[in-house]
Amino acid sequence: MKKDLLSISDLNRKEIEYLMEQARRMKREGSPPLLSGKTLALLFEKPSLRTRASFEIAMYQLGGHGIYLSPEEVSLGKRERVADVARVLSRYVDAIAARTFSQDTLHILAGHSSVPVINGLSDLEHPCQALSDLFTIYEKKGRLTGLTVAFIGDGTNVANSLLLSACQLGMTFHFASPPGYDVNEKVLNQGREFAALSGGQIRLTNNPDEAARDADIIYTDVWASMGQEAEVEKRRLAFSGYQVDNKLLSLAKGDVLLMHPLPAHHGEEISVGLLDDPRSVVFDQAENRLHLQKALLVKLLLNPKVSGK
Ligand code: CP
């Protein structure tokens, strides 16, 4: 049976912890060519730096190969039905990492593919980013349970995946956004269910100061994501007052970590220069995409049933 990663909630707590341990081991010790002869298709409808580069390099370092299929080449759903693309690629490759406009497209791909499909970002979730972020927090703090993440900004795909995974791991998730820019409602309900089991908590507010107070991690993301270019001005107005800056960081704990999935819009969601602050672990997050995704690829391609089940 293949296993897909379309949502972070496709992984249970034990599996998330297993991936972090494997990522830590590979980062420290390097990785043998466990995926020799294997190929990953990178099927992208949107631009990418980190996701594309980290997946391609992960495959290379594991002895395998990544093949990038650009939006122009494939024109998913326009030149060819999504289902047919999935069936064809399944005959060539061992897994598909897909970046799509819609989460529904990922479900169609997975439903017609005989190989694992990995969500490389959709409108709803960005599970690989959230896993890498949790791994980064774990590396820096030595634990996850009991920590408070304060997400300041838009209810993006990253916010959704981070909320779900934080709640699975017994963390407290604060979310501050202007009215109307909340996290997805279904995600919120699922997060509440996870939190009830793990001892985690969710706190929603329109006040960034309230969210940031005594937080262990302050996290932000762009105010207008890919595909929302027409809303840039409207969003700039809505989010004024939600910028992460020194003043907001000073409300958090003294050893707070500043996180951002990148790309950043300096001077919008994050003040100019703050990415270089000693509290920023933003480039560790970017690096950890590589280590975490190596662990994920090995698990999905070689031993989907091993550990954490
Ligand atoms: N954070 C992230 O997914 O970056 P890219 O859009 O460059 O892949």
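Ligands are counted one by one from 1 in listed order, and the atoms in each one are counted from 1 as well.
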Proximal protein residues to ligand 1, non-hydrogen atoms under 4.0 angstrom: Ser48, Leu49, Arg50, Thr51, Arg99, His126, Gln129, Pro261, Leu262, Arg289
Aromatic ring proximity Tyr242/Tyr181, centre distance under 6.0 Å: no
Residues that His107 engages under side chain to side chain contact (heavy atoms under 4.5 Å, CB included), provided they are two or more places apart: Leu6, Gln103
With Arg81 via side chain to side chain contact (heavy atoms under 4.5 Å, CB included) - residues at least two apart: Ala83, Asp84
Qualifying residue, where the test is side-chain contact (heavy atoms from CB on, under 4.5 Å) with Ser132 and the options are Asp284, Leu292, Ile137, Leu296: Leu292
I'd like a table of donor-acceptor pairs (distance under 3.5 Å, sequence neighbours excluded) in which one partner is a side-chain atom from residues 153-160, with atom names and distances.
residue : atom : partner : partner atom : Å
Asp154  : OD2  : Arg235  : NH1          : 2.8
Thr156  : OG1  : Val158  : N            : 3.4
Thr156  : OG1  : Ala159  : N            : 3.2
Thr156  : OG1  : Asp221  : OD2          : 3.1
Asn157  : ND2  : Ser122  : O            : 2.8
Asn160  : OD1  : Asn184  : N            : 3.2
Asn160  : ND2  : Leu124  : O            : 2.8

Charged N-O contact under 4.0 Å between Arg13 and Glu17: yes
